[in-house]
Amino acid sequence: MLHAQRLSKTFGRLRALDALSVTMRRGQSVALVGPNAAGKTTFIKCVLGLVWPDAGELSLDGISLLGDPTPRRRIGYMPQIERFPDHMRIGRLFDLMREIRRGTHERTDEDLIRAFQIERIAHQTAGTLSGGSRQKVSACLAFLFDPDVLVLDEPTAGLDPLSVEVLKEKVRAERARGKLIVLTSHILSDLDEIATDVLYLIDGRMRFYRPIEELRTESGETRLDRVVAQIMRASADGAFHSGKPAP
């Protein structure tokens with residue numbers, strides 16, 4: 001369980017997170033959505049330890065992420081923009097990551113390495129890879145150490161349609177195993193088949209946090225982008241109720 005309690009962060013005059021309280025549980029795939037500067041990236045960076053909040057609490061299964069960094073070993077991260085050493089061969093990159101994490105994980109998950117046929121590019125250096133190939137490598141690294149929590153930031157960006165489906169199937173499989181998946185994407189249709197819940201942020205505050213099927217029923221729409229658009233229009237008119245927090 002990932003739990004934030006009144007999490008706040010400011011950058012100068014910008015309040016990126018404004019007393020955000022939310023609980024995410026195993027078996028959920030939470031689509032973190034909202035306009036630019038809504039606080040999505042800041043929340044993710046707080047979870048990863050890349051940004052330190054000004055106030056509030058953040059914990060994983062009851063252990064504070066602000067006091068003990070050890071639980072972050074259980075979090076896999078696929079960044080929006082990956083940064084690998086340009087002159088490092090891809091095979092060596094994976095070997096290096098295994099060496100760094102040796103002794104901290106009994107099991108590795110190489111499903112995506114096989115599905116994306118990474119062995120075909122293992123001899124290439126990172127700087128020579130296409131954007132799609134770099135994205136595949138990033139996805140493989142995020143899943144490699146069988147994490148309990150996966151944070152996937154724009155995971156389908158640059159992937160060909162077949163690779164998108166491979167990644168979606170992997171996300172569904174890991175959620176079925178009881179893992180928590182946190183996803184962001186500007187292309188909401190990419191989250192349609194893999195999100196179970198929607199957390200919508202505006203100005204660092206939670207506007208709503210609901211199961212996606214509940215939102216579809218209420219809005220009468222099936223596509224996530226149309227669901228969110230209709231709800232936000234209704235919200236502006238005062239006709240929408242945020243409801244109870246997602247389970």
Side-chain angles (χ1 to χ4, degrees), residues 2 4 7-9 11 14-25 27-47 78-81 131-132 135 139 150-172 174-175 180-247:
L2 180 65
L7 203 65
S8 297
K9 179 64 182 180
F11 297 97
L14 173 64
R15 186 174 293 276
L17 294 175
D18 190 0
L20 176 65
S21 295
V22 65
T23 298
M24 302 178 184
R25 294 180 170 85
Q28 285 183 282
S29 291
V30 181
L32 185 60
V33 300
N36 292 334
K40 305 184 298 294
T41 299
T42 300
F43 175 71
I44 286 174
K45 286 185 175 181
C46 285
V47 171
M78 182 179 178
Q80 180 177 356
I81 301 175
Q135 195 77 342
L150 284 148
V151 179
L152 311 179
D153 193 359
E154 301 285 345
T156 60
L159 292 180
D160 61 87
L162 178 58
S163 297
V164 168
E165 291 307 311
V166 168
L167 183 56
K168 285 183 177 181
E169 182 58 34
K170 181 60 175 172
V171 169
R172 287 191 290 264
E174 294 307 293
R175 178 173 59 82
L180 167 63
I181 319 289
V182 182
L183 307 129
T184 73
S185 179
H186 285 94
I187 305 174
L188 295 184
S189 59
D190 284 349
L191 305 181
D192 266 326
E193 299 173 354
I194 53 178
T196 62
D197 301 272
V198 179
L199 171 58
Y200 196 98
L201 299 180
I202 293 181
D203 296 330
R205 297 180 180 182
M206 181 174 70
R207 185 63 192 84
F208 62 83
Y209 180 31
R210 304 271 297 279
I212 189 169
E213 289 306 321
E214 189 177 290
L215 293 171
R216 283 172 172 154
T217 298
E218 182 170 329
S219 66
E221 297 285 355
T222 57
R223 284 177 40 182
L224 182 57
D225 53 351
R226 292 179 178 174
V227 168
V228 171
Q230 181 166 319
I231 288 173
M232 294 316 297
R233 285 195 296 268
S235 177
D237 296 335
F240 174 70
H241 299 285
S242 60
K244 296 179 181 179

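For reference, positions follow the sequence shown, starting with 1.
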Min side-chain heavy-atom separation [X]-[Y] under 4.5 Å:
X	Y	result
Leu20	Leu201	yes
Val227	Ile212	no
Asp203	Asp18	no
Thr23	Tyr209	no
Gln135	Leu167	no

Checking [X] now: which residues fulfil salt bridge (Lys or Arg N to Asp or Glu O under 4.0 Å) with it, not counting sequence neighbours?
X	result
Asp225	Arg223
Arg216	Asp192, Glu213
Asp153	none
Glu174	Lys170, Arg177, Lys179

Separation of [Y] [atom2] from [X] [atom1] (nearest 0.5 Å):
X	Y	atom1	atom2	answer
Leu7	Met206	CG	CE	12.5 Å
Phe208	Asp197	CZ	CG	11.0 Å
Glu154	Ile81	CD	CD1	9.5 Å
Gln230	Glu221	CD	CD	5.0 Å
His186	Thr184	NE2	OG1	7.5 Å
Ser219	Glu214	OG	CD	11.0 Å

Using the test side-chain contact (heavy atoms from CB on, under 4.5 Å), find all partners of [X] that sit at least two apart in sequence or belong to another chain.
X	answer
Ile187	Ser185, Ser189, Asp190
Ala37	none
Ser21	Gln5, Arg6

Which atoms form the tightest heavy-atom contact between Pro155 and Leu159, and what is the distance?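 Shortest heavy-atom separation between Pro155 and Leu159 comes out as O-CD1, 3.5 Å.
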Distance-minimising heavy-atom pair for Ala31 and Ala195: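 Looks like CB-CB, 3.9 Å.
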Can you sort out the partners of [X] under side chain to side chain donor-acceptor pair (under 3.5 Å), two or more places apart, ordered by chain and number?
X	result
Thr196	none
Asp160	Ser163
Arg172	Glu169

Okay, side chain of Thr156, backbone of Val164: is any donor-acceptor separation there less than 3.5 Å?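 Not a single qualifying donor-acceptor pair exists.
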Verify, without hydrogens or angle tests, whether Gln28 (side chain) and Arg25 (backbone) share a donor-acceptor contact under 3.5 angstrom.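 It does hold such a pair.
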May I have all residue pairs that pass ring pair (Phe, Tyr, Trp, His ring centres under 6.0 Å) and include part of residues 150-170, sequence neighbours excluded?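 Qualifying pairs: none.
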What pairs of donor and acceptor atoms, side-chain ones from residues 38-47 against any protein atom, are under 3.5 angstrom apart with sequence neighbours left out?
residue, atom, partner, partner atom, Å
Lys40, NZ, Gly34, O, 2.9
Lys40, NZ, Pro35, O, 3.0

Val22 and its side chain to side chain contact (heavy atoms under 4.5 Å, CB included) partner, picked from Leu199, Leu2, Leu32: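 Result: among Leu199, Leu2, Leu32, Leu199 is the only option passing the side chain to side chain contact (heavy atoms under 4.5 Å, CB included) with Val22.
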Among Leu180, Ile181, Leu183, whose side chain to side chain contact (heavy atoms under 4.5 Å, CB included) with Val30 holds?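 Going through the options one by one, the only one that passes is Leu180.
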